[in-house]
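In what follows, a structure is listed as structure tokens, so that the remarks can point back to it.
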2 protein chains.
Amino acid sequence: MIDTDELLSIRAAELYYEENKTQDEIGAVLRLTRWKVGRLLAQAKASGFIRIEIVHPRARRLIVERRLREHTGLSDAVVVSAAGVSTDEELQSRAAQAAADYLTALRPVPATLGISWGRTLHEVAQGLKPGWARGVNVVQINGGVSLNRREGTAAATAVTIAQKALGSATLLPSPAILERVETKLAIESDRAVATVLDLGSAASAYLFSAGQADENSALVDSGYLTADQVAELVRKGAVGDIVGRYINADGHIVDLELDERTIGIRLEQLRRAPTAIAVIAGSTKHAVARAIVSSGLCTVLVTDEDTALAVLGETH
Amino acid sequence: MIDTDELLSIRAAELYYEENKTQDEIGAVLRLTRWKVGRLLAQAKASGFIRIEIVHPRARRLIVERRLREHTGLSDAVVVSAAGVSTDEELQSRAAQAAADYLTALRPVPATLGISWGRTLHEVAQGLKPGWARGVNVVQINGGVSLNRREGTAAATAVTIAQKALGSATLLPSPAILERVETKLAIESDRAVATVLDLGSAASAYLFSAGQADENSALVDSGYLTADQVAELVRKGAVGDIVGRYINADGHIVDLELDERTIGIRLEQLRRAPTAIAVIAGSTKHAVARAIVSSGLCTVLVTDEDTALAVLGETH
DNA sequence: GGAAAACTTGCTCACATGAGCAGAGCCGCA
DNA sequence: TGCGGCTCTGCTCATGTGAGCAAGTTTTCC
């Protein structure tokens, strides 16, 4: 049988929150003093019977953000509401918009911003307001899309962010992954590439997303890897990729040989960065997000509610 | 683009409802006066961005109850929350419990209570507390289960309610539907049956449920009708049955011949009753509930949130 | 361009509410 | 039975909050 006080507190809550009665009026109805009513309401709240939710595409979940800050190594977190969202695309859009907002409010404004590329980053670029900053040098930190897709996606992202920041973009003129280590080393040592890589290593802040490890990965899409190769990586423990490098649940490189052929910033450099903003949302990216956060690959995580709970290890 | 004030009001709501900050503190954070913050919060509420829900099996939806009272002919309504409920059975249990509570609180306490039978009514009987009233004569108002199922369900319901009310039960010793009109007339005029019917006609209050019109109907289950017969009734427009009589969406008898062979209170008598409590819940019963309410077959409806919205014509 | 209308802003004031506290009632234990 | 500790109750008081108002600001329309 349910406790009498519990039932009373529910009746009180109904009158308070649905009928907008004052605690005094409720007291009159239920034959209680107004103080008792106040206590019942507090009890109902404490028991979790009262659920207050902010439903809006731009709503954030501050409570979850705080939990992330407290229970992980993150220095900051942005968690967008997943209320009323059915698709992963929608979640990613919300997170991207939130990342744009975060970037706009970021102080100090980074002189140099290192960015990766991909669908999510592109959306972040779209979400930024023209003039969001006054002069930021945007640098690509990993090799770009260029094999068999529309050439310009990666470049366009960097350029858009830079233009809207009234700054300049520095592109990394190189593929993401090369077939032979020798080629990679050669390209890397080329002055045009080396300069950009050095600039990227010294960026004041980083902004990047992550990809899940499956056949829908952007690296497969761009033709750098085949679905079979990714499947093999998964077999070796890969949960996803970050700046073109596949990691396992511990945040370690899965395939050293492949990694040696990948051009771009190294994970250690990212780990040392004072500001590394990861934008990762959608149900397919829970595992990567968790790996990235727990291994300290980012200092700030922009994500959705469900992914945040997964990172906290509270998957329902 | 989203209105600036709208975004601000969302930020304010986050700080107010999730972080429990005062409007003054929020003003300090967002660089606004506390009055502006108050207005933003009011705006957020008015726009429906703030959703407060009471999650508890015994929670009621007073707002929907009021809408029912205002927009239908009902004199009262009880609407239980459907939050976190997956099955129709659970919804029916909640409604049955709520009906038991309603009956307990009903004033004046009915001297004679006319009841139907069925799964729902049985649950209402279970949900009543022993001693919920002091002396109520419980009368069956329609023919009982008796053909091929456990004999006692209908009787047990009446007896349980009466016992718990420290009162007496008067059973209707008759089947629900007879095969020939002549038999029905004969039984009806038998003193033992006629007395009970008269008592039922003069009850101070009625409590009944309704059945959906499909092969799962209690009348099919009890062997009074075949699945085919019900299908035929549906073809003629039947949406469900109430005290053994099939009605269409307008609340009219679907098959006059069948109705002539049905024993129990007539719908006109129910329509004239000052207190007729219908307990109807579950997604399969939306249509019957609507028919019953709109044709004035009950004065009080005990139901679940979703059914209530269907009755109000707000199915999403 | 200027007046009227509509809206927004910062305020006063009254009311609603939560924190904190003293006393009442209840329980267990000697 | 009597004593100390426990919870629960009703209160005072300080604070948080919404209604209403006048002044300032923007918009609209001639």
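Just so we're on the same page: letters track the sequence lines, and every chain starts at 1.
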Problem set entry | Residues from residues 45-54 of chain A lying under 4.0 Å of DNA chain D - heavy atoms | none
Problem set entry | Close side-chain approach of A:Asp101 and A:Leu103, heavy atoms under 4.5 Å | no
Exercise. Side-chain contact, heavy-atom cut-off 4.5 Å: B:Arg94 with B:Asp304?
Worked result: no
Nucleotide [N], atom [atom2] - distance to [atom1] of [X] in whole Å:
X	N	atom1	atom2	result
A:Asn20	D:dG18	CG	P	11 Å
B:Gln43	D:dA19	CD	P	14 Å
B:Leu8	C:dT8	CG	P	14 Å

Seminar exercise, completed: Between its two end axes (five pairs each) the helix from C:dG1-D:dC30 to C:dA30-D:dT1 turns, nearest 10 degrees, through 30°
Exercise. Which heavy-atom pair separates B:Leu106 from B:Pro110 by the least distance, and what is that distance?
Worked result: CD2-CD, 4.0 Å
Every protein N/O within reach of nucleotides 7-17 of chain D N/O, cut-off under 3.5 Å:
unit_1	atom_1	unit_2	atom_2	d
D:dT9	OP2	A:Lys36	NZ	3.1
D:dG10	N7	A:Arg39	NH2	2.6
D:dG10	O6	A:Arg39	NH1	3.4
D:dG10	O6	A:Arg39	NH2	3.1
D:dT12	O4	A:Trp35	NE1	3.3
D:dT17	OP1	B:Tyr16	OH	2.8
D:dT17	OP2	B:Gln23	N	2.9

Problem set entry | Partners meeting side chain to side chain contact (heavy atoms under 4.5 Å, CB included) with B:Val29 (sequence neighbours left out) | B:Leu15
Nearest 0.5 angstrom please: [X] [atom1] to [Y] [atom2], how far?
X	Y	atom1	atom2	value
A:Trp35	A:Leu40	CH2	CG	14.5 Å
B:Lys36	B:Leu8	NZ	CG	7.5 Å
B:Tyr102	B:Ile277	OH	CD1	6.0 Å
B:Ile161	B:Trp132	CD1	CH2	7.5 Å

Seminar exercise, completed: Residue pairs passing the salt bridge (Lys or Arg N to Asp or Glu O under 4.0 Å) test with at least one member in residues 37-49 of chain A, sequence neighbours excluded, are none
Problem set entry | With sequence neighbours excluded, residues passing side-chain hydrogen bond (donor to acceptor under 3.5 Å, both in side chains) with A:Glu89 | none
